[in-house]
Amino acid sequence: MTIGTEPIHLDPDPFENFFVGQGHCVGNLIFLSGQAAIEQSGEIVGPGDIDAQIDQAMANIERALNAAGSGVDRIFKITVYLTDMTQFESVIKMRERYFDKPWPADTTVGVSALALPELMVELDVIATRS
């Protein structure tokens, strides 16, 4: 058990079978687990479609942040794990669709694989709560 944090609970929780928490609140900060294109039922969304996967990951982030009393507009740091760096243009489009100035701090990393072979992108965020 993690002591000194407030765990984020979702129902249903697609991470339950993987023994991974959605995230934790520590004071005014929210640390989410990496989010990918896995819908609430546990099914993968958009195999082969980076934009659909980004949109599902962002929907998952929004759901988890809302459960913690926050929202996408409170994200100040995002790390993008991308299995194909030729898809980087979609990351730029994601930033434009979901964020405004001042832009969140951002790190994009090319990786050889993610937890499930159909996943193309994983998003890891830190946010504040109101």
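When reading the values below, keep in mind they use all heavy atoms of this one structure, side chains included, and skip hydrogens, waters and symmetry mates. Quick caveat: nothing in here was measured; it's all calculated off a predicted structure.
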Spacing of [X] atom [atom1] and [Y] atom [atom2] [to the nearest 0.5 Å]:
X    : Y    : atom1 : atom2 : answer
Q53  : E118 : CD    : CD    : 8.5 Å
D100 : D73  : CG    : CG    : 9.0 Å
S70  : I30  : OG    : CD1   : 4.0 Å
K93  : I54  : NZ    : CD1   : 9.5 Å
L123 : L32  : CG    : CG    : 10.5 Å
F88  : T108 : CZ    : OG1   : 5.0 Å

Hydrophobic cluster identity match, [X] and [Y], side-chain contacts under 4.5 Å:
X    : Y    : result
M120 : V45  : no
M85  : Y81  : no
M58  : I126 : no
F76  : I61  : no
L82  : V125 : yes

What I'd like to find out is whether the side chain of [X] reaches to under 4.5 Å of the side chain of [Y], using heavy atoms alone.
X    : Y    : answer
I44  : L116 : yes
D124 : I78  : no
V91  : I50  : no
R63  : Q40  : yes

Whether the [X] and [Y] side chains hold a donor-acceptor pair (N or O, under 3.5 Å, no angle test) is what I'd like checked.
X   : Y    : answer
N28 : T128 : no
Y98 : D55  : yes
N60 : Q56  : yes

Give the minimum heavy-atom separation between [X] and [Y], together with the two atoms involved.
X    : Y    : answer
H24  : I8   : N-CD1, 4.0 Å
T107 : K77  : OG1-NZ, 2.8 Å
F99  : P104 : CD2-CG, 3.5 Å
A64  : Q22  : CB-OE1, 3.9 Å
G71  : N66  : CA-OD1, 4.1 Å
T83  : L119 : CG2-O, 3.8 Å

Salt bridge check, R129 against E6: does any charged N sit closer than 4.0 Å to a carboxylate O?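 So E6 pairs with R129 through a salt bridge.
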Before you tell me yes or no, could you show the steps for R95 and D106 under salt bridge (Lys or Arg N to Asp or Glu O under 4.0 Å), namely the whole-Å CA-CA distance, both residues' side-chain angles and the distance that decides it to 0.1 Å? CA-CA 10 Å; R95 292 176 187 155; D106 184 303; 2.9 Å; yes
Can you confirm whether more than 12 heavy atoms, excluding those of E16, are under 6.0 Å from its CD atom?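 For E16, atom CD is not crowded (no more than 12 foreign heavy atoms under 6.0 Å).
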Side chain to side chain contact (heavy atoms under 4.5 Å, CB included) assessment of V121 paired with M94: CA-CA 12 Å; V121 64; M94 172 205 62; over 6 Å; no
